[in-house]
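Have a look at the structure below before the remarks.
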Number of protein chains: 2
Amino acid sequence: MEQRRADNIAETLEEHIFGGVFQDGDRLDEVRLAEKFGVSRTPLREAFQRLALSGLVELVPRRGAFVRQPGPIELMEMFEVMAELEAVCGRLAARRISDVAIEELRDANARCQMAVEAKDTDGYYIENERFHKTIYRQSGNSFLEQEAAKLHKRLKPFRRQQLKFRGRMAQSMAEHEAIVDALARGEPEEAANALRNHVAVQGEKFHNLMASLKSQSD
Amino acid sequence: MEQRRADNIAETLEEHIFGGVFQDGDRLDEVRLAEKFGVSRTPLREAFQRLALSGLVELVPRRGAFVRQPGPIELMEMFEVMAELEAVCGRLAARRISDVAIEELRDANARCQMAVEAKDTDGYYIENERFHKTIYRQSGNSFLEQEAAKLHKRLKPFRRQQLKFRGRMAQSMAEHEAIVDALARGEPEEAANALRNHVAVQGEKFHNLMASLKSQSD
DNA sequence: CTTGAGTTTTTTGTATACAAGATTGTTGAC
DNA sequence: GTCAACAATCTTGTATACAAAAAACTCAAG
């Protein structure tokens, strides 16, 4: 593998964990990975420390680093928190959002709609992300914005799966319209509820997915 | 200074940053701290990585580690998020809380009241923390519980200052009673609003404190 | 007195060395 | 055949060494 600076190692490992290259419980072998990255153990160990704090890796003293993929329960919990965080962003944004941001949201929605019609899942995904990140920003609270973005990123691999549900993209679009409306009319509670339900439904869809996968293996 | 294992170094540095030993912008000198702790640079650098992710330290490549104390604006934002997180905990807890937990909250409040009457600030502080942590837990979402506890810990040094405001402890007690009532009656929105205002007022008090400190220096 | 090129000194980033704990494998007793 | 104790091996945690980048300093020119 190509040579990398230590700054990027944590990021690359993160991608590998998200991407499913490493399974839950896998031990991250320092020397093997060091060889793979073409560096020594030192920068790898520094990367482990970072990954440990964001919960992707568990550092067991004298035993090593183990990847910690969230289980079904933890994932449901994370989706619930995501829904609530987005609701908070929406409530604050309804009071603080700028006119140009409203336009940005409408633009993102229009491009989303186009992606739906073209059955362009990737395009939909990108515009959907822009839509949500705009709302985070318009909460007017950059700490909240960062926290929301952090959790959004962490849930990314799992959110993607549930987009495949039949009709989900169209339904999601309708929800987006309702959210923009509430924000444009400056209705905090309405925007909050619309966003909470919009994200919560993702958690439910995910739950269904998990259940169906489980019943297949029975 | 006494010898320490690397596991504790990050924690100790964190305490020093919270405790105000290091000021905002201070550079954390690797060799000096290594001497102080009686270890080599390696475990210190690993500790820096951890502190960087929790936002206490900024790691500038090829320049070193600098402590990042949140400024007034960032602190206000953090208090706002804390208020909203507690509100979420309250709303969920109103539906999920157990009878024994209600009793725990009442107990903590009673001990809080005793501390107020005895003008025991430390005692008040401890019971107040127990009160809030119980609500986090009763949200029934352990991911949320952890996130709330993390932010609570981060705001600890700043929350403490505003307890000194005259009459704040008594007012806070009354708010606690209202919160328990709403939870006991199973009223989600009422519990959420009571908690949001309870925490938000801390942010406002903090704002007042900052303003008064600033005017003194004029 | 200020400025700027060149040089010295620090300081960071990474590799390597080494010690101590954990794991695995082997042998012998029952 | 199973289990336990011991030995060999591997892995982590930490110290040290060294290279490269940044900062500080020197000194001369304007």
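Quick note on labels: first sequence line is chain A, next is B, and so on, each numbered from 1.
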From CZ of B:R45 across to C1' of C:dT14 the rounded distance in Å is 8 Å
Rounded to whole Å, the CD-P distance (A:E30 to D:dT14) equals 11 Å
Hits for salt bridge (charged side-chain N to carboxylate O under 4.0 Å, His left out) against A:E58, two or more places apart or cross-chain, chain-then-number order -> none
Atom CZ of B:R50 and atom P of D:dG13 are separated, to the nearest Å, by 11 Å
A:R95 meets the side chain to side chain donor-acceptor pair (under 3.5 Å) criterion, sequence neighbours left out, with none
From CZ of B:R32 across to C1' of C:dT12 the rounded distance in Å is 17 Å
Atom CG of B:L44 and atom P of D:dG13 are separated, to the nearest Å, by 16 Å
Given the options B:Q138, B:K133, B:R137, B:E145 meets side-chain hydrogen bond (donor to acceptor under 3.5 Å, both in side chains) only with B:R137
Quick one: label B:R27 by what it contacts on the DNA or RNA (base, sugar-phosphate, nothing), any heavy atom closer than 4.0 Å. sugar-phosphate
To the nearest angstrom, the CZ-P distance between B:F66 and C:dT11 comes to 12 Å
Those residues at least two apart in sequence (or on a different chain) that pass side chain to side chain contact (heavy atoms under 4.5 Å, CB included) with B:D24 are B:Q69
Between the protein and nucleotides 16-23 of chain C, which nitrogen or oxygen pairs are less than 3.5 angstrom apart?
| from | atom 1 | to | atom 2 | distance (Å) |
| --- | --- | --- | --- | --- |
| C:dT16 | O4 | A:T42 | OG1 | 3.4 |
| C:dT23 | OP1 | A:R63 | NE | 2.5 |
| C:dT23 | OP1 | A:R63 | NH1 | 3.4 |
| C:dT23 | OP1 | A:R63 | NH2 | 3.1 |

Sorted by chain and residue number, the side chain to side chain contact (heavy atoms under 4.5 Å, CB included) partners of B:E147 (sequence neighbours excluded) come out as A:E147, B:F143, B:K150
B:D29 atom CG is separated from C:dT12 atom C1', nearest whole Å, by 11 Å
Whole-Å distance, A:F37 CZ to C:dG13 P, equals 19 Å
Residues 65-85 of chain A vs salt bridge (Lys or Arg N to Asp or Glu O under 4.0 Å), sequence neighbours excluded, gives A:R68-A:E74, A:E80-B:R96, A:E84-A:R196, A:E84-B:R91
